[in-house]
Amino acid sequence: MKRIFLLTVLACVCAYSQDARKGRDTSFTLSAATQQVIQEYPFAKAVIPIISNKVTVHKNIVYSRYSGRELYMDIVSPKDMWSEKRAVVLLLHGGGWRSGDRSMELPMALKIAEAGFICCCVEYRLSPEARFPAAVYDIKTAIRFCRSNAAQFNIDTTRIILYGTSAGGQLAALVGISQAGGHFTEQGEYRDHSNEVQGIIDIDGVLDMTDPAESGKDTLPGQPSVGKLWLGATFSENPSIWRRASAINYVTRKSPPMLFINSSHPRFHAGRDSVINMLKKYGIYSEVHTIANTPHPFWLFHPWFDEAIKHIQVFLSRFRK
């Protein structure tokens, strides 16, 4: 009976994902990731979202509009959310800035919400629809939406954390670190509110886009990298835009504390150690955990999901009152 329930939930999530992404790139889905991962790790099991009686899920909340295009977030809140103001975690999915969808972060959102945090799984515009920096504008708008609607969701606006995986991790770092200096604030609603966040969780998100592991992949003219598709040019064609998309270039004494959780693939560590050293120079807290022998999308699978959530919960404990 339990197996039937889990399969039903998975089918609902997949159907939701397909419906939400009609006419868009579907190369990164839970199904596609599972087929790839189990070839090397046959013991891996996809994490299935199970909604407990401790949380409430509010789906398809519009947080922004662009020329009739609506952007959505799904909010997962503790059942007792009104007992006190809650810190909020905005979750950003991966997919090479061109694929994936917010439902892929629902399992993590459910676990974090069970620990007492409000979680927002955020949609952002992908490269087939809009190139960089559109996604950055969207996420900053989502942060301001949370502040603008803090009373409705009982959000503590002094405790906002960005969480992202892969491309979402790169965006979380870029958005969170670039908050000082007024970068990427030219577009989006609620501009009378701050974009500031108090913490960043970067899971396998690149911090230096100019690193050869990321910028050196455009060697065949007919096969553009996901970076070129998102940024609109190869590194050799326009190095400045690759630098502009790199969180490493925005670190200041006002940068927030950061948690890094990485797979065993060095490509996704690009810029991490340099950023950590910069944060240390300013006395800003950071911690890093590299999980050995892991595929890139490890956060979507047991047993690695369980290790990741332990590190995340310890880091988030810094934001409890």
Are [X] and [Y] close enough that some pair of their side-chain heavy atoms sits under 4.5 Å apart?
X      : Y      : answer
Pro297 : Trp299 : yes
Phe298 : Ile203 : yes
Val122 : Arg102 : no
Leu231 : Met209 : yes
Leu71  : Val62  : no
Glu129 : Arg69  : yes
Glu105 : Val89  : no
Ile177 : Met258 : yes

Would you find more than 12 non-hydrogen atoms of other residues, nucleotides or ligands less than 6.0 Å from [X] atom [atom1]?
X      : atom1 : result
Arg320 : CZ    : yes
Glu186 : CD    : yes
Lys79  : NZ    : yes
Gln313 : CD    : yes

No-hydrogen, no-angle side-chain donor-acceptor test under 3.5 Å, [X] and [Y]:
X      : Y      : result
Asn293 : Ser264 : no
Thr141 : Arg144 : yes
Thr158 : Lys85  : no
Ser31  : Thr29  : no

Kindly list each side-chain donor-acceptor pair under 3.5 angstrom involving residues 266-277, sequence neighbours excluded, with atom names and distances?
residue : atom : partner : partner atom : Å
Arg267  : NE   : Glu214  : OE1          : 3.4
His269  : NE2  : Ser263  : O            : 2.9
His269  : NE2  : His265  : O            : 3.3
Arg272  : NH1  : Asn262  : OD1          : 2.9
Arg272  : NH1  : Thr290  : OG1          : 3.0
Asn277  : ND2  : Asp273  : O            : 3.3

Using every non-hydrogen atom in the two residues, find where [X] and [Y] come nearest and quote the distance to one decimal.
X      : Y      : value
Cys119 : Ala113 : SG-N, 3.8 Å
His296 : Ser166 : NE2-OG, 2.8 Å
Ala245 : Leu174 : O-CD2, 3.7 Å
Phe28  : Ala33  : CE1-CB, 4.1 Å
Ser27  : Ala32  : O-CB, 3.7 Å
Leu279 : Pro256 : CD2-O, 4.4 Å

Just by distance, do the side chain of [X] and the backbone of [Y] share a donor-acceptor pair under 3.5 Å?
X      : Y      : answer
Ser99  : Gly95  : no
Arg86  : Asn154 : no
Tyr163 : Ala109 : no
Tyr63  : Cys146 : no
Asp218 : Ser225 : yes
Glu189 : Arg65  : yes
Asp202 : Gly205 : yes
Gln198 : Ile160 : yes
Ser246 : Asn249 : no

Are [X] and [Y] grouped together when hydrophobic residues (ILVMFWY) are joined by side-chain heavy atoms under 4.5 angstrom apart?
X      : Y      : value
Leu229 : Val206 : no
Met104 : Ile38  : no
Ile284 : Phe260 : yes
Val314 : Ile291 : no
Val197 : Tyr282 : yes

[atom1]-[atom2] distance between [X] and [Y], expressed to the nearest 0.5 angstrom:
X      : Y      : atom1 : atom2 : result
Ile312 : Ile112 : CD1   : CD1   : 5.5 Å
Trp82  : Phe153 : CH2   : CZ    : 8.5 Å
Thr157 : Asn149 : OG1   : CG    : 12.0 Å
Arg243 : Asp208 : CZ    : CG    : 10.5 Å
Lys54  : Ser77  : NZ    : OG    : 14.5 Å
Ile309 : Glu114 : CD1   : CD    : 9.0 Å

Could you walk me through whether Arg125 and Tyr66 pass the side-chain contact (heavy atoms from CB on, under 4.5 Å) test, one step at a time?
CA-CA 10 Å; Arg125 286 174 291 171; Tyr66 286 95; 3.3 Å; yes
Given side-chain contact (heavy atoms from CB on, under 4.5 Å), test Arg244 with Tyr250 step by step and report yes or no.
CA-CA 9 Å; Arg244 190 180 178 216; Tyr250 299 92; 3.4 Å; yes
Check [Y] with [X], please: is the shortest side-chain N to carboxylate O separation under 4.0 Å?
X      : Y      : result
Arg147 : Asp192 : no
Arg98  : Asp25  : yes
Glu84  : Arg159 : no

For Tyr41 together with Trp304, are the ring centres under 6.0 Å from each other?
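Yes, the ring centres sit under 6.0 Å apart.
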Would you say the ring centers of His193 and Phe145 fall short of 6.0 Å from each other?
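Not under 6.0 Å, so no.
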Please identify which of these residues, Leu162, Leu91, Leu92, Ile161, meets the side-chain contact (heavy atoms from CB on, under 4.5 Å) condition with Ile201.
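With Ile201 as partner, Leu162, Leu91, Leu92, Ile161 yield a single side-chain contact (heavy atoms from CB on, under 4.5 Å), made by Ile161.
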Indicate the ring-plane relationship of Phe235 and Trp242, choosing parallel, tilted or perpendicular according to the 30° and 60° boundaries.
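The arrangement is perpendicular - the two ring planes meet at more than 60°.
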What class does the angle between the rings of Trp97 and Trp230 fall in, given that below 30° is parallel, 30 to 60° is tilted and above 60° is perpendicular?
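Trp97 vs Trp230 ring planes: parallel.
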Starting from the C-alpha separation in whole Å, work towards a yes-or-no answer on side-chain contact (heavy atoms from CB on, under 4.5 Å) for Leu110 and Val57.
CA-CA 9 Å; Leu110 291 168; Val57 180; 4.1 Å; yes
As a quick check of understanding, evaluate side-chain contact (heavy atoms from CB on, under 4.5 Å) for Phe305 and Leu300, giving each step before the final call.
CA-CA 6 Å; Phe305 175 90; Leu300 295 173; over 6 Å; no
